[in-house]
2 protein chains.
Amino acid sequence: MTEAIIIDGKEFSSNLRNKIAEDVKTFKKERNVVPGLAVVLVGEDPASRIYVRKKEEMTTAVGMNSLSYRLDANASQQELLDLIETLNHDPAVHGILVQLPLPKHIDTPTILEAIDPDKDVDGFHVVNAGRLAIGTPSLVPCTPAGCMMLLEHSLGSLKGKNALVIGRSTIVGRPMAQLLLAADCTVTVAHRHTKNLEELCRQADIVVAAVGIPHFVKASWLKPGAVVIDVGINRVPAEDEAAKAAGKTRIVGDVDFVEAAKVASAITPVPGGVGPMTIACLLNNTVQAARNLTSAS
Amino acid sequence: MTEAIIIDGKEFSSNLRNKIAEDVKTFKKERNVVPGLAVVLVGEDPASRIYVRKKEEMTTAVGMNSLSYRLDANASQQELLDLIETLNHDPAVHGILVQLPLPKHIDTPTILEAIDPDKDVDGFHVVNAGRLAIGTPSLVPCTPAGCMMLLEHSLGSLKGKNALVIGRSTIVGRPMAQLLLAADCTVTVAHRHTKNLEELCRQADIVVAAVGIPHFVKASWLKPGAVVIDVGINRVPAEDEAAKAAGKTRIVGDVDFVEAAKVASAITPVPGGVGPMTIACLLNNTVQAARNLTSAS
């Protein structure tokens, strides 16, 4: 029994960010413009504040401008729309990210639709979803974009591979399926109503798990040699009894990693697999958006 | 060996058009508005002229207004864009259909994107593709919409069925996959690079063939009892030797119908299956668009 290659998303994303830093340098030299990412946070959610700070730090670290906007938790929807409108027209802003979740009195789809699709570096705008579906160039949601990079790094060409996506969310499963199809995979999308998941898994050269259930995908379901991408981030009690008793937790994926690593040819760990790719892809989208916006003008 | 139920698209679409005629009557009574479909034809392509005339006749037959616009084959892209802009703002027009193909000097995506998404009764606009991908209400391309009606008519709920879509075009295969996924099917999309098509076929409760290759799908590939939807419209030489010698042709589907009917539980014939559904779904989309547009105002 051979052990799978552990796909190191931390190292890969670090290399990607170095490459982006080079791209930013070249871009500055060629167009005399510094790509700018505006990050909007409404309210004081502690987890959101940590994410936002991390995004801002990494933006600065690759040489881009980070523009921070903070609105009070009680800010009205119109205030937020006004801010987005200003950012849409600000030539120093090439990417706009509104940190989710938003307070309940604000309608999230209305906000996401208000962002200029060409500055929508999260790839959540209906126009970018449509471009992806039609196959024209688009800003792609960051997590599936990162999964694709890891897959291509592991496999080279994906052409003709049988890919199974477990989960059909609009931010991971569905765009992931579109990207795999564009890469000439035969793509199956499974979900809670799927009846023969184990059988489908057993046929897949590529398994992308994005269901949000700890250790849902079992090693016995996998085809030997499959490449497994685990998008899950699930908080469970710590393994150590004392730590568990003290209320400590740990993060696990949607795949039974230890056992699956004995069957797969390559697998992403959780943490340290897909997770670190997301912000790197956000930065990558921002450079892409800056390229598109400055070449169009 | 039992013979499959032959799904009669001609009868189904005729019933659908009767239902639409009733909807139009109710709509007129309730809102004092007659739904209007504008059909734009550029040039003199004989096949396009026939399609357009048929659409216009059927529009009138269900009690809607049919508005015809004819542009010369030499009309400029700007002339066509100006016309679309006028139709976008015309309150008597609820649906706009630009007959494809367009002359080569006109950029088709530019034209399709110029149509107001809420009047895009062909469902080809990037915003409608995006709405479909995200799962918000949209105007759905007519052929896959028709296929879904026939499937639901045959099977009732599609929940948990294994559906295989062969072909990944933006006007049939891809939106078809989205619709099947929204109906809780487990969906696989296959195409020219798929390696194990026969095996995938054998697992499918639903097979939608949209490849454009005569008799491509063989009876031996099908799971007994599968429901088969044949989107193919392929012109081949006539069977009769004398007719063939005289250059006569006939229309066949993507499925080996005669043999497949011995294995499937239900199957659409070609012609007379999916084909007649397309215009009926166009009319259905127009009523839907009229409803949305008049309730919004």
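Chain identifiers are assigned alphabetically (A, B, ...) following the order of the sequence lines, protein sequences preceding nucleic acid strands; residue numbering begins at 1 within each chain. What you see is a predicted model, and the numbers here were worked out from it, not measured in a lab.
Residue pairs meeting the salt bridge (Lys or Arg N to Asp or Glu O under 4.0 Å) criterion with at least one partner in residues 134-144 of chain B, sequence neighbours excluded, are absent.
Nearest heavy-atom pair, A:Ala133 versus B:Ala133, reported as atom, atom and distance to 0.1 Å: CB-CB, 4.5 Å.
For B:Ile233, the CD1 atom is loosely surrounded, since the number of other residues' heavy atoms within 6.0 Å does not exceed 12. Within 6.0 Å of the CD1 atom in A:Ile5, the count of heavy atoms belonging to other residues, nucleotides or ligands does not exceed 12.
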Present all donor-acceptor pairs from chain A to chain B with distances below 3.5 Å, rounded to 0.1 Å.
residue	atom	partner	partner atom	Å
A:Ala133	O	B:Arg174	NH1	3.4
A:Asn162	ND2	B:Asn196	OD1	3.4
A:Arg168	NH1	B:Leu181	O	2.8
A:Arg168	NH1	B:Asp184	OD1	2.9
A:Arg168	NH2	B:Asp184	OD1	2.8
A:Arg174	NH1	B:Ala133	O	3.4
A:Leu181	O	B:Arg168	NH1	2.8
A:Asp184	OD1	B:Arg168	NH1	2.8
A:Asp184	OD1	B:Arg168	NH2	2.8
A:Cys185	O	B:His191	NE2	2.6
A:Thr186	OG1	B:Thr194	OG1	2.7
A:Val187	N	B:Val189	O	3.3
A:Val187	O	B:Val189	N	2.8
A:Thr188	OG1	B:Thr188	OG1	2.6
A:Val189	N	B:Val187	O	2.8
A:Val189	O	B:Val187	N	3.3
A:His191	NE2	B:Cys185	O	2.6
A:Thr194	OG1	B:Thr186	OG1	2.7
A:Asn196	OD1	B:Asn162	ND2	3.4
A:Gln203	OE1	B:Gln203	NE2	3.4
A:Gln203	NE2	B:Gln203	OE1	3.4

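Checked against side-chain contact (heavy atoms from CB on, under 4.5 Å), A:Ala163 has the following partners two or more places apart in sequence or in another chain: A:Leu180, A:Cys185, A:Ile206. With sequence neighbours left out, the side-chain contact (heavy atoms from CB on, under 4.5 Å) criterion links B:Pro175 to B:Leu132, B:Pro141, B:Pro144.
For the set B:Gly160, B:Ala190, B:Ala129, the entry with the most heavy-atom pairs within less than 4.5 Å of chain A is B:Gly160.
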